[in-house]
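Notes follow the structure.
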Amino acid sequence: MEKTVEAFMEKIEEKNPGEKEFHQAVREFIETVMPFVRKNEKYQKYKILERIVEPERIIIFRVPWVDDNGEIHINRGYRVEMNSALGPYKGGLRFHPTVNLSILKFLAFEQIFKNSLTGLPLGGGKGGADFDPKGKTDNEVMRFCQSFMNELYRHIGPNTDVPAGDIGVGAREIGYLFGQYKKLKNEFTGALTGKGFNWGGSLIRPEATGYGCVYFAEEMLKTRRESIKGKVCVVSGSGNVAQHTVEKVLQFGGKVVTLSDSSGVIYDPDGIDKEKLEFVKDLKNVKRGRIKEYAEKYGCEYVEKGKPWNIKCDIAFPCATQNEIEKKDAENLVSNGCKCVCEGANMPTTLEALEVFLEAKILFGPGKAANAGGVAVSGLEMTQNSLHLYWSREEVEEKLRNIMQNIHKSCVKYGKEGDFVNYVKGANIAGFVRVADAMIDQGIV
Ligand code: NDP
Ligand code: 2IT
């Protein structure tokens, strides 16, 4: 093994030039896991760190499609199959114009450890395309999804690789992708999760990431004899994860004062109640409008291109995208008295911002632990599919809650530093151990 984090990272950067998000995710991981590996000879002997950063397989493909005016468009599709030591590759698909190999590799890399933390038999993967569903008609989205699946279908399957949603891929897209998969394979199987409830989906899957994230925050707060009740929360994003984070915060008696999208942020000091949340769900999931319309409807403040991080709060839930909290944002949050940051999004905090949170010793729940509820319920959807049965809402939510509590316990086990719990270190090491041991058992493959 390389002697230092810097030497290890030098090799990563040399071998994966220009992939800055991938470098960032690996660095955050290696900084906490390398000292642990140093104390465990077997992980060095089997070169687990060197092997785990190398994807098992990457598929890149052309996705041509025709818009409603008859014009042809060409996008690029990807599936990064990162690690299958614990089970079939598992992870979402992202459709967003910024999608590139670096972003999908960082997501697939983090997915390995997130999936391991759930305790379920799930390997790690991620995919997507640089397609922008915004402003497209349903028919255009359908044709794109069909073309995407025309290649992807040969690489996935319930025991091989099981994609799901992520940014830009929700119930509508999963429906079109599944329809095409079924047609090409002539098989009705659980090759995708996040399916509709009447055709193989699990109850609570749409809610799972946001709900799980709030359960995780509640567990962190408990360690300081606090709870969400009565706390002022800021949430970024207004998609799947943000909406269900707000829903669960409300159930716990907290108050959410912000939501955002890539155009700007709304600030509603009275709090987003159930009725306002229903408006947001309809606006974003059905009308596919902009969050600005919330401010117009409820007469509150809207800041174009703004973010929620300069607003005074007790808890912050970043639920939009990577690197949305920069150093200055972290400093603002801490100086305004924020006690807890719980990541619904994947890697929303830059390395510099992370340092600010860790130095201030606030409760910081990293995405790979805090947002694992989504993939966990995907795992439960796979189980229900293979058993050919459905569990009730209550059953699934109870299992989700247990899984989030167990992830919290694992983070505490490996992340305790005196009175402080370093959840970044805890999540990385706990996630790593299970995968690393499985890799050793399975030989040099
Ligand atoms: P959605 O597509 O439902 O929502 C994404 C939200 O984030 C939208 O409000 C979107 O705004 C905003 N957003 C996206 N990209 C940017 C950007 N570059 N700058 C500012 N805002 C942006 O996605 P999800 O809610 O599913 O995903 C949100 C985050 O949660 C992602 O990081 C995802 O990886 C992570 N995640 C998702 C899981 C899931 O189960 N869905 C599971 C675990 C993590 P706009 O509408 O303007 O694009
Ligand atoms: O980042 C993630 O964990 C997801 N987008 C969900 C993956 C899944 O397979 O449910």
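Predicted, not measured: the structure shown is a model, and the values here were computed from it. Heads up: numbering here begins at 1 and tracks the sequence. Order of appearance sets the numbers: ligands from 1, and atoms from 1 within every ligand.
The shortest distance between side-chain heavy atoms of P158 and S386 does not fall below 4.5 Å.
No cation-pi contact links K182 to F188, judged by a cut-off of 6.0 Å to the six-membered ring centre and 45° from its axis. The cationic group of K136 does not satisfy the cation-pi geometry with F144, failing either the under 6.0 Å distance to the six-membered ring centre or the 45° limit from the ring axis.
Close contacts between ligand 2 and G91 involve ligand atoms 7 (C), 9 (O) [criterion: under 4.0 Å to a heavy atom]. Short contacts between ligand 1 and G237, defined as distances under 4.0 Å to a heavy atom of the residue, involve ligand atoms 9 (O). In the vicinity of G344, heavy-atom distances shorter than 4.0 Å reach the ligand 1 atoms 30 (O), 35 (C), 36 (N), 44 (C). Annotation for ligand 1: atoms under 4.0 Å from non-hydrogen atoms of S238 are 9 (O). Proximity to K126 (heavy-atom distance under 4.0 Å) selects the following atoms of ligand 2: 1 (O), 2 (C), 4 (C), 5 (N). Listed by atom number, the atoms of ligand 1 under 4.0 Å from A345 heavy atoms are 29 (C), 30 (O), 32 (O), 35 (C). With ligand atoms numbered from 1 in the order given, ligand 2 contributes 1 (O), 5 (N) to contacts under 4.0 Å with heavy atoms of D166. For ligand 2 and K114, the ligand atoms under 4.0 Å from any heavy atom of the residue are 1 (O), 2 (C), 3 (O). Near G165, the atoms of ligand 2 lying under 4.0 angstrom from a non-hydrogen atom of the residue are 4 (C), 5 (N), 6 (C). Close approach of ligand 2 to A164 (heavy-atom distance below 4.0 Å) involves ligand atoms 8 (C), 9 (O), 10 (O).
At least one N or O atom of R94 sits closer than 3.5 Å to an N or O atom of ligand 1. At least one N or O atom of G168 sits closer than 3.5 Å to an N or O atom of ligand 1. Taking distance alone, with nitrogen or oxygen atoms compared against 3.5 Å, R205 approaches ligand 2 more closely than that limit.
The pair R51-E54 does not meet the salt-bridge criterion, since no charged nitrogen lies less than 4.0 angstrom from a carboxylate oxygen. Taking 4.0 Å as the cut-off between side-chain N and carboxylate O, K425 and E28 do not count as a salt-bridged pair. Between E19 and K105 there is a salt bridge, with a side-chain nitrogen of the basic residue lying less than 4.0 Å from a carboxylate oxygen of the acidic one. Salt bridge status for E304 with R290: absent, with no side-chain N to carboxylate O gap under 4.0 Å. Between K327 and E352 there is no salt bridge, since no side-chain nitrogen of the basic residue lies less than 4.0 Å from a carboxylate oxygen of the acidic one. Ion pairing between E31 and R27 holds under the 4.0 Å rule for side-chain N and carboxylate O. Taking the charged nitrogens against the carboxylate oxygens, D166 and R94 do have a contact shorter than 4.0 Å, which makes a salt bridge. Between D68 and R143, at least one side-chain N (NZ, or NE/NH1/NH2) sits under 4.0 Å from a carboxylate O, which counts as a salt bridge. Salt bridge absent: K292 and D261 never bring a charged side-chain N and a carboxylate O closer than 4.0 Å. Between E247 and K281 a salt bridge is recorded (basic side-chain N to carboxylate O distance below 4.0 Å).
Using a 4.0 Å cut-off between heavy atoms, R94 makes no contact with ligand 2 at all. Counting heavy atoms closer than 4.0 Å to ligand 2, residue N346 contributes side-chain atoms (C-beta onward) but none from N, CA, C or O. At a heavy-atom cutoff of 4.0 Å, ligand 1 is contacted by the side chain of K134 but not by its backbone. The proximity of V241 to ligand 1, defined as any non-hydrogen pair under 4.0 Å, involves the side chain as well as the backbone. Under 4.0 Å from ligand 1, not a single heavy atom of R288 appears. Heavy atoms of E324 found under 4.0 angstrom from ligand 1: none, in either backbone or side chain. The backbone of S260, and not its side chain, has at least one atom closer than 4.0 Å to an atom of ligand 1 (non-hydrogen atoms only; backbone = N, CA, C, O). Contact annotation: for C319 versus ligand 1, heavy atoms closer than 4.0 Å belong to the backbone alone.
For atom 17 (C) of ligand 1, the closest non-hydrogen atom on the protein side is T321 CG2, 3.4 Å. Protein heavy atom nearest atom 46 (O) of ligand 1, with residue, atom name and distance: R290 NH1, 3.6 Å. Taking atom 10 (O) of ligand 2 as the reference point, the nearest protein heavy-atom neighbour is S378 OG, 2.6 Å. Annotation: atom 12 (C) of ligand 1 to nearest protein heavy atom, A320 CB, 3.9 Å. Distance from atom 38 (C) of ligand 1 to its nearest protein heavy atom, with residue and atom name: T209 OG1, 3.6 Å. Nearest protein neighbour of atom 6 (C) of ligand 1, counting heavy atoms only, is G239 N, 4.0 Å. Of all protein heavy atoms, the one lying nearest to atom 7 (C) of ligand 2 is G92 N, 3.5 Å. When hydrogens are left out, the protein atom nearest atom 9 (O) of ligand 2 is K90 NZ, 2.6 Å; that is the closest non-hydrogen contact. Nearest non-hydrogen protein atom to atom 15 (N) of ligand 1 is H96 NE2, 3.6 Å. In terms of protein heavy-atom proximity, atom 33 (C) of ligand 1 is nearest to D166 OD1, 3.2 Å. The shortest contact between atom 47 (O) of ligand 1 and any protein heavy atom is with S262 OG, 2.4 Å.
Between the side chain of D130 and the backbone N or O of P97, no donor-acceptor pair lies under 3.5 Å.
Note on ligand 1: R205 sits in its first shell, one or more heavy atoms being nearer than 4.0 Å. Ligand 2 has Q111 within reach: a non-hydrogen atom of the residue lies less than 4.0 Å from it.
Counting only heavy atoms, the protein never gets under 4.0 Å from atom 10 (C) of ligand 1.
Using the six-membered ring where Trp is involved, F109 and F29 have ring planes that are perpendicular, over 60° apart on the 30 and 60° scheme. The aromatic rings of F131 and F95 sit perpendicular to each other, their planes meeting at more than 60°, with 30° as the lower class boundary.
Nearest heavy atom pair, residue S202 against residue F197, reads O-CE2, 3.2 Å.
Heavy-atom proximity to atom 27 (O) of ligand 1, evaluated over N371, V377, V169, I167, is greatest for I167. Taking each of N285, N346, N240 in turn, the one with a heavy atom nearest to atom 26 (O) of ligand 1 proves to be N240.
Between the side chains of N428 and K368, a donor-acceptor pair is found at a separation under 3.5 Å. Using modelled atom types, one finds no donor on one side chain facing an acceptor on the other under 3.5 Å when comparing Q111 with Y89. Side-chain atoms of K185 and Y153 include no donor-acceptor pair closer than 3.5 Å. Checking N310 against K328 by side-chain atom types alone, no donor-acceptor pair falls below 3.5 Å.
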